[in-house]
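Quick note: numbers below take in every heavy atom, side chains included, and nothing from hydrogens, waters or symmetry partners. Bear in mind the structure is a predicted one, so any value in this text is a computation, not a measurement.
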Amino acid sequence: MYTYFAFGLGILLLAILIALIWRLVSHRRELPCPVWLHWMVEMENPFTRVSRAAVIIEHLDLQPGMKALDFGCGPGRVTIPMAERVGSQGQVTAVDLQDGMIQRAQEKARAKNLDNIHFVQAAAGQGKIGKNQFDRAVLVTVLGEIPNQKSAMQELFDSIRPGGILSVTEIIFDPHFQSRNSVTQVAQSVGFCEKAFFGSQLAYTLNFEKP
């Protein structure tokens with residue numbers, strides 16, 4: 001028992017150390033999570049319930065048959081349960097800048113026999129996600145990695161159908177953490193209206209609606 005506890009504690013301390021180093025480097029340049037750290041991104045944070053994939057999806061009110069977007073999907077931590085929730089009649093579009101992250105998410109999709117995920121390798125602002133396509137979209141600890149946040153938010157606004165929801169999740173442990181005020185300002189600047197807030201100032205999900 002002690003051995004398992006020590007191993008778990010060691011992994012946690014390693015993750016914290018990597019996050020601190022990543023945060024310091026990120027102050028100097030925009031830096032998405034490296035592919036070799038996919039294991040850390042895949043972990044459900046034990047200290048912040050609001051950032052767990054199942055909780056994000058519940059707050060999003062994702063229903064079978066919907067079309068959803070996971071922007072900055074990484075290794076698919078949220079993509080896979082989203083695809084399971086929308087079912088065979090729905091579809092999830094998973095977008096990431098890094099091919100290695102997309103490959104990892106594709107491996108998970110194949111393991112789950114999911115064929116309702118459309119993978120797109122693209123950066124924010126490249127116009128590859130279309131307009132008025134999605135009922136729901138998620139942006140999970142990604143916004144701070146994007147150099148031109150307003151342009152990215154405008155692209156997300158355009159991609160969502162009227163009445164659709166954008167869910168933005170941020171946690172203080174992330175090197176690119178964005179405050180509630182900064183997220184709200186950039187979202188409202190392109191036309192989103194705040195719909196709901198879950199969590200605390202240090203770990204939260206903000207849902208915005210497209211009028």
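Screening residues 197-208 for side-chain hydrogen bond (donor to acceptor under 3.5 Å, both in side chains) gives Ser167-Asn207, Thr169-Thr205 as the qualifying pairs, with residues at least two apart or on separate chains. The salt bridge (Lys or Arg N to Asp or Glu O under 4.0 Å) analysis of residues 59-76, with sequence neighbours excluded, yields no pairs. Sorted by first and then second residue, the salt bridge (Lys or Arg N to Asp or Glu O under 4.0 Å) pairs involving residues 80-93 (not counting sequence neighbours) are Glu58-Arg85, Glu84-Lys112. Sorted by first and then second residue, the salt bridge (Lys or Arg N to Asp or Glu O under 4.0 Å) pairs with a member in residues 180-191 read Arg180-Glu194; sequence neighbours excluded. Among residues at least two apart or in separate chains, there is no side-chain hydrogen bond (donor to acceptor under 3.5 Å, both in side chains) pair with a member in residues 113-122. Counting only residues at least two apart or on different chains, the salt bridge (Lys or Arg N to Asp or Glu O under 4.0 Å) pairs with a member in residues 126-138 are Asp135-Arg161.
Residues meeting the ring-ring contact (aromatic ring centres under 6.0 Å, His included) test with Phe71, sequence neighbours left out: none. Glu107 meets the salt bridge (Lys or Arg N to Asp or Glu O under 4.0 Å) test with Arg104; sequence neighbours excluded. In this structure, the ring-ring contact (aromatic ring centres under 6.0 Å, His included) partners of Phe198, at least two apart in sequence or on a different chain, are His59. A search for side-chain hydrogen bond (donor to acceptor under 3.5 Å, both in side chains) contacts involving Gln149 returns Gln178, not counting sequence neighbours. Judged as a side-chain contact (heavy atoms from CB on, under 4.5 Å), and not counting sequence neighbours, the contacts of Ser189 are Lys150, Val186.
Following chains of ILVMFWY side-chain contacts shorter than 4.5 Å, one cannot reach Val95 starting from Val86, and the two form parts of different hydrophobic clusters. In terms of hydrophobic clustering, with Ile, Leu, Val, Met, Phe, Trp and Tyr side chains grouped at heavy-atom distances under 4.5 Å, Ile129 and Val138 are assigned to different clusters. In the hydrophobic clustering of this structure, Leu202 groups with Val183; members are Ile, Leu, Val, Met, Phe, Trp, Tyr whose side-chain heavy atoms approach within less than 4.5 Å, directly or through other members. Following chains of ILVMFWY side-chain contacts shorter than 4.5 Å, one can reach Val120 starting from Leu69, so the two form part of one hydrophobic cluster. Hydrophobic clustering of Ile, Leu, Val, Met, Phe, Trp and Tyr side chains at less than 4.5 Å, counting indirect connections, keeps Val92 apart from Val55.
When every heavy atom of Ile146 is checked against every heavy atom of Ala124, the shortest pair comes out as CG2-CB, 3.9 Å. Residues Ala203 and Ile171 share a closest heavy-atom pair of CB-CG2, 3.9 Å. Shown here for Asp96 and Gly72, the closest heavy-atom pair between the two residues is OD2-C, 3.5 Å. Minimum heavy-atom separation, Pro211 to Gly191: CD-O, 3.4 Å.
Using a 4.5 Å heavy-atom cutoff, the side chains of Lys195 and Phe208 are not in contact. Using a 4.5 Å cut-off on side-chain heavy atoms (C-beta onward), Val140 and Arg77 make contact.
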Determine, step by step, whether Phe173 and Thr141 satisfy the side chain to side chain contact (heavy atoms under 4.5 Å, CB included) criterion, reporting the C-alpha distance in whole Å, the side-chain angles of both residues, the deciding distance to 0.1 Å, and the verdict.
CA-CA 10 Å; Phe173 301 105; Thr141 61; over 6 Å; no
Given side chain to side chain contact (heavy atoms under 4.5 Å, CB included), test Leu143 with Glu170 step by step and report yes or no.
CA-CA 9 Å; Leu143 187 60; Glu170 292 286 336; 3.9 Å; yes
For a side chain to side chain contact (heavy atoms under 4.5 Å, CB included) check, start with the C-alpha distance between Ile57 and Met82, then their side-chain angles and the critical distance, and finish with the verdict.
CA-CA 7 Å; Ile57 291 170; Met82 285 177 69; 3.9 Å; yes
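Interatomic distance, Ile80 CD1 to Cys73 SG, rounded to the nearest 0.5 Å: 9.0 Å. Here the straight-line distance linking atom CD1 of Ile102 with atom CZ of Phe119 works out to 8.0 Å at 0.5 Å rounding. Interatomic distance, CG of Leu114 versus OG1 of Thr79, reported as 10.5 Å (0.5 Å rounding).
Applying side chain to side chain contact (heavy atoms under 4.5 Å, CB included) to Lys210 and the options Asn132, Leu166, Ile165 leaves one that passes, Asn132.
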Identify all side-chain donor-acceptor contacts of residues 152-160 below 3.5 Å with residues at least two apart in sequence or on another chain.
| from | atom 1 | to | atom 2 | distance (Å) |
| --- | --- | --- | --- | --- |
| Gln154 | NE2 | Asp158 | OD1 | 3.1 |
| Glu155 | OE1 | Gly125 | N | 2.6 |
| Glu155 | OE2 | Gly127 | N | 2.9 |
| Ser159 | OG | Leu156 | O | 2.8 |

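Counted by atom type alone, Gln103 and Asp99 present one or more donor-acceptor pairs between their side chains at under 3.5 Å.
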